[in-house]
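In what follows, every chain begins at residue 1, and chains take the letters A, B, ... in the order their sequences are listed.
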Amino acid sequence: GEDVEQSLFLSVREGDSSVINCTYTDSSSTYLYWYKQEPGAGLQLLTYIFSNMDMKQDQRLTVLLNKKDKHLSLRIADTQTGDSAIYFCAERTGGKLIFGQGTELSVKP
Amino acid sequence: DAGITQSPRHKVTETGTPVTLRCHQTENHRYMYWYRQDPGHGLRLIHYSYGVKDTDKGEVSDGYSVSRSKTEDFLLTLESATSSQTSVYFCAISGDRMYGYTFGSGTRLTVV
């Protein structure tokens with residue numbers, strides 16, 4: 001069935017790059033997304049990538065998609081303390097979004 | 001997000017009582033969704049709607065029902081609340097499938 005997997009925690013130093021990884025199972029997914037959730041808030045769409053793309057860059061964010069391995073990653077350059085949050089990847093399948101468990105990013109000064 | 005509001009923001013209720021959560025949107029979006037968020041599980045889809053009076057079940061629909069009598073409102077009802085339904089509930093809307101969803105701020109429900 002549909003499943004999206006992420007590691008639960010990542011800790012980095014301020015100024016370093018962060019890489020959050022995700023694997024998914026539905027090879028027919030058309031769009032894949034990254035969302036950010038700050039404490040006590042809802043989810044905010046960060047970026048998305050269409051399944052026929054390998055890479056998408058948006059300011060400090062770079063999304064890489066390896067369709068063969070069903071692997072998606074989000075790289076945040078020059079990570080700041082304000083980037084501390086939970087990051088969710090999601091795949092669109094059957095008209096619905098299926099979310100991973102979320103990766104909690106902790107940025108230490 | 002100003003285009004989607006959830007009410008109430010917090011609720012404590014007793015086991016066995018019915019509870020209704022409301023999601024209201026001002027974007028005139030066709031699709032609306034209810035998710036629950038629990039530690040270690042991410043977000044799991046409860047029910048969704050693809051139009052007025054058109055709804056369908058998600059992966060964790062047992063014990064929940066929904067109604068959508070107007071485009072702007074999507075109600076989630078816990079028919080007889082149980083402690084396992086203690087969670088944070090998020091509503092989401094989508095008008096264009098390419099751009100993902102817009103989420104509300106969530107309702108924290110505690111069943112005691």
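- Contacts between B/Leu43 and chain A at a heavy-atom distance below 4.5 Å involve backbone atoms as well as side-chain atoms.
- Relative to the ring axis of A/Tyr48, A/Lys56 places its NZ or CZ within 45° and under 6.0 Å from the centre.
- A donor-acceptor distance shorter than 3.5 angstrom exists from the side chain of A/Tyr35 to the backbone of B/Tyr101, with no hydrogens or angles considered.
- Of all residues in residues 99-109 of chain A, those placing a non-hydrogen atom less than 4.5 angstrom from a non-hydrogen atom of chain B are A/Phe99, A/Gly100, A/Gln101.
- Taking the ring centroids of B/Phe74 and B/Tyr48, they lie at or beyond the 6.0 Å cut-off.
- Residue pairs meeting the disulfide (SG to SG under 2.5 Å) criterion with at least one member in residues 9-89 of chain A, sequence neighbours excluded: A/Cys22-A/Cys89.
- Considering only residues two or more places apart in sequence or on other chains, B/Thr15 meets the side chain to side chain contact (heavy atoms under 4.5 Å, CB included) condition with B/Val111.
- For the residue pair B/Asp38 / B/Ser87, a side-chain donor-acceptor distance below 3.5 Å is found, with atom types taken as modelled.
- For B/Gln6, no part sits under 4.5 Å from any heavy atom of chain A, backbone or side chain.
- Residue A/Gln37 touches chain B through its side chain alone, counting heavy-atom pairs closer than 4.5 Å.
- Within the structure, no pair that satisfies the ring-ring contact (aromatic ring centres under 6.0 Å, His included) test touches residues 69-91 of chain A, not counting sequence neighbours.
- For chain B, no part of A/Leu8 is nearby; none of its heavy atoms comes within less than 4.5 Å.
- Between A/Asp26 and A/Lys70, no side-chain nitrogen of the basic residue sits less than 4.0 Å from a carboxylate oxygen of the acidic one, so the salt-bridge criterion is not met.
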